[in-house]
Colleague: 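Dumping the structure here so I can ask a few things about it.
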Amino acid sequence: MRATLQRWQEAFAAYAHPRVRAMLFLGYSSGLPFTLVLMTLAARLRQSGIDRSTIGYFAWVGFAYSLKFFWSPVVDRLQLPVMGRLGRRRSWMLLSQCGVIGGLLLMGFADPGVDPVHMALLAVGTAFFAATQDIAVDAWRIEAVGNELQASMAAAYQMGYQVALICSQAGMFWFVSLQGWTAGYILMAALMIVGVGTTLLIAEPEVHVDRATLAREQRVVDFLEDSAHWPESLRQATAWLIGAVVCPFMDFFARNGWRAALPVLLLIVTYRLNYMTMGVMANPFYLDMGFTLDQIAEVAKLYGVIMSLVGALMGGVLVARYGIPRMLLAGLLLLTAANLAYAYIAGIGPGLGAFAVVISLDNFGNGLAGAVFIAYMSSLTNTAYTATQYALFGTLWSFPAKGLAGFSGKIVDALGYRGFFIYSALVGMPALLLVLWLIRRPAAEPPAPATPA
């Protein structure tokens, strides 16, 4: 009994680490713009008279997050002028945070009812800077601590993220009901100062590279020696491409092998499908069920996000206690149950009590599953290619999900909300089989010893 209690105390004690605490604020900075260009924006579009099919297409704004892999090698390798004095990770954080602030201000003064295309372009631009911030924050999170604290870092990130969702959804809806959408977006831009301040206060992490990675980087040296007769600009650009893009791919498959790497990548692709597929229709569903913005703010966006915080906290603790694979399974089962619960209440016209119960299940499951999933993807990266490999995983799980979400409005129109939520539960079934495979898979061998880069 005493040993069990001690293990639980050690699991909770990880949250006292200074860099884990800093992750709370960086998670907040990452989470704040997310719903402002997606779910909260969907509510604004609905109130402006935009039809549901068009709102569904706005989910494709999220492709800026899904495609971030394509510029992540730049963030991973390019040292920014002037700002670069802060360090590679912190300088990119600061630049992207300034871009988000500018984008939110412009969105606040735009009118989607008059020109929805203009609003879409502003949302895409803001999402681009927000996704760039995520690249740098994810890299800092993985590099700042060892593997033993990655689950706690992921949970802290999720908790900060969920607090930001309270601000950008419940807080935003409450403030908008008093002051209007323009004032709401100005307030959200001001709250991004939390991220800017944290970026200026934290330290740049020390990066370590294992011996196998150094051997793969030798390919760049060999190329430079063999291409001495090439034009210098082309030679350097190709060498950069090999080191920034080719080597991260080779490293992942070399460490895992094709037979294990392919199922792992398929698991990443499918794990979040059921949650992300239904996400863009959540706010239109609440409104179409007859709930007011104040009720949505109180139940779905305040109480619900508190449940997400609890789920994220427990996700970090339970991973330390039971391991990642089993908690991936628990998170997936909770989210599937939540989708089916939504399908049930869609047919009965819920009151606030039933609504709150389903919101509890959905948000607790999402908080837990999100923290565990982040920890799992973080464990798959090599610190020599942190930003590139993690962004690749982000592209793999979010791109298909965003693509499906773009058609969610048409599916609702064709099947109704009840059929839509059953459909969103079914699309997560392939992930269930892959998680069961992961649980049965033998534990991976420890990585080779690392040396400072």
Colleague: Among all residues two or more places apart in sequence or in another chain, which pass the side chain to side chain donor-acceptor pair (under 3.5 Å) test with Ser30?
Modeller: Asp134
Colleague: Just wondering, do Val37 and Leu122 contact through their side chains at under 4.5 Å, heavy atoms?
Modeller: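 No, too far: nothing below the 4.5 Å cut-off.
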Colleague: Can you label the angle between the Phe420 ring and the Tyr423 ring as parallel, tilted or perpendicular, going by 30° and 60°?
Modeller: tilted
Colleague: Do you know the tightest heavy-atom contact between Leu45 and Pro112?
Modeller: CD2-CB, 3.5 Å
Colleague: Rounded at 0.5 Å granularity, tell me how far SG in Cys167 sits from CZ in Phe175.
Modeller: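 Interatomic distance, Cys167 SG to Phe175 CZ, rounded to 0.5 Å: 12.5 Å.
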Colleague: Counting only N and O atoms by type, is there a donor-acceptor contact under 3.5 Å from the side chain of Gln389 to the main-chain atoms of Asn382?
Modeller: yes
Colleague: On a heavy-atom basis, which atom in Pro263 and which in Leu434 lie closest, and how many Å separate them?
Modeller: O-CD2, 4.0 Å
Colleague: Which heavy atom in Leu380 sits nearest to a heavy atom in Arg255, and how many Å separate them?
Modeller: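 Result for this residue pair: O-NH2, 2.8 Å.
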Colleague: Please test Ile186 against Thr182 for side-chain contact (heavy atoms from CB on, under 4.5 Å), starting from the C-alpha separation and ending with a verdict.
Modeller: CA-CA 6 Å; Ile186 292 173; Thr182 298; 4.1 Å; yes
Colleague: With distance as the sole test, does Tyr417 use its side chain to make a donor-acceptor pair with the main-chain N or O of Met289 at under 3.5 Å?
Modeller: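 A pair under 3.5 Å: no.
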Colleague: Counting only heavy atoms not in Phe253 (residues, nucleotides, ligands), do more than 12 fall under 6.0 Å from its CZ?
Modeller: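 Enclosed.
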Colleague: Would you compute the distance between atom CG of Leu340 and atom CG of Leu335 and round it to the nearest 0.5 angstrom?
Modeller: 11.0 Å
Colleague: Could you tell me which non-hydrogen atom of Ser168 sits nearest to which non-hydrogen atom of Thr35, and how far apart they are?
Modeller: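 Shortest heavy-atom separation between Ser168 and Thr35 comes out as OG-OG1, 2.6 Å.
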Colleague: Can a donor-acceptor pair be found, under 3.5 Å and without considering hydrogens, that links the side chain of Glu204 to the backbone of Arg88?
Modeller: yes
Colleague: Check step by step if side-chain contact (heavy atoms from CB on, under 4.5 Å) holds for Leu86 and Met93.
Modeller: CA-CA 10 Å; Leu86 293 173; Met93 284 186 214; over 6 Å; no
Colleague: State the CG-CD distance between Leu94 and Gln133, to the nearest 0.5 angstrom.
Modeller: 10.0 Å
Colleague: Is it the case that the side chain of Tyr271 and the backbone of Val435 share a donor-acceptor pair, with hydrogens and angles ignored and the cut-off at 3.5 Å?
Modeller: no
Colleague: With the side chain counted from C-beta on, respond yes when Val74 and Trp92 share a heavy-atom pair under 4.5 Å apart, and no when they do not.
Modeller: yes
Colleague: Just how far is it from atom CD of Gln47 to atom CZ of Phe173, taken to the nearest 0.5 Å?
Modeller: 8.0 Å
Colleague: Quick test of your reading: applying ring-ring contact (aromatic ring centres under 6.0 Å, His included), list the pairs with at least one residue in residues 122-162, sequence neighbours left out, ordered by first then second residue.
Modeller: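 Found Trp71-Phe128, Tyr157-Tyr161.
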Colleague: For a side-chain contact (heavy atoms from CB on, under 4.5 Å) check, start with the C-alpha distance between Phe25 and Val163, then their side-chain angles and the critical distance, and finish with the verdict.
Modeller: CA-CA 9 Å; Phe25 300 101; Val163 170; over 6 Å; no
Colleague: Would you call Ile345 and Phe421 a side-chain contact if the rule is heavy atoms closer than 4.5 Å?
Modeller: no
Colleague: Is the backbone of Ala203 close enough, under 3.5 Å, to the side chain of Arg90 for a donor and an acceptor to pair up by distance?
Modeller: no
Colleague: Can you check whether Trp174 reaches Leu178 side chain to side chain, under 4.5 Å on heavy atoms?
Modeller: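 The answer is yes; the side chains approach within 4.5 Å.
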Colleague: Above 12 or not: heavy atoms from other molecules or residues under 6.0 Å from CZ of Arg326?
Modeller: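 Check fails, neighbour count at 12 or below.
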Colleague: Salt bridge (charged side-chain N to carboxylate O under 4.0 Å, His left out) with Arg44: which residues, sequence neighbours excluded?
Modeller: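 None.
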Colleague: Which heavy atom in Leu104 sits nearest to a heavy atom in Met192, and how many Å separate them?
Modeller: CD1-CG, 4.3 Å
Colleague: Write down the atom of Arg418, the atom of Ala343, and the distance for their closest heavy-atom approach.
Modeller: CG-O, 3.2 Å
Colleague: May I ask you to decide if Phe252's main-chain N or O and Asn256's side chain share a donor-acceptor pair within less than 3.5 Å?
Modeller: yes
Colleague: For Ser96 and Ala130, indicate whether the former's side chain and the latter's backbone hold a donor-acceptor pair under 3.5 Å.
Modeller: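 No, the answer is negative, given that no donor and acceptor are paired below the 3.5 Å cut-off.
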Colleague: Does a side-chain N-to-carboxylate-O contact under 4.0 Å join Arg141 and Asp138?
Modeller: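 A salt bridge is present here (some side-chain N lies under 4.0 Å from a carboxylate O).
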Colleague: Could you tell me whether the side chain of Val358 reaches within less than 4.5 Å of the side chain of Tyr344, counting heavy atoms only?
Modeller: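 Side-chain contact under 4.5 Å: no.
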Colleague: Judged by atom type as modelled, is there a donor-acceptor pair below 3.5 Å linking the side chain of Ser29 to the main-chain atoms of Leu26?
Modeller: no
Colleague: Roughly how far apart are Met153 CE and Leu24 CG, rounded to 0.5 Å?
Modeller: 9.5 Å
Colleague: How about Leu332 and Asn274: do any of their side-chain heavy atoms sit closer than 4.5 Å?
Modeller: yes
Colleague: Could you state the interatomic distance from CG (Leu265) to OG1 (Thr270), rounded to the nearest 0.5 Å?
Modeller: 10.5 Å
Colleague: Can you list the steps and then say if Met429 with Thr336 is a side-chain contact (heavy atoms from CB on, under 4.5 Å)?
Modeller: CA-CA 9 Å; Met429 289 301 100; Thr336 302; 3.8 Å; yes
Colleague: Taking the side chain as everything from C-beta on, heavy atoms only, tell me whether Trp437 gets closer than 4.5 Å to Leu266.
Modeller: no
Colleague: Between Gln169 (side chain) and Thr40 (backbone), is there a donor-acceptor pair under 3.5 Å?
Modeller: no
Colleague: Treating Ser308 as the side-chain partner and Asn363 as the backbone partner, does any N or O pair qualify as donor plus acceptor under 3.5 Å?
Modeller: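 Yes, Ser308 side chain to Asn363 backbone: donor-acceptor pair under 3.5 Å.
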Colleague: Using a 4.5 Å cut-off on heavy atoms from C-beta on, say whether the side chain of Ile101 contacts that of Val196.
Modeller: yes
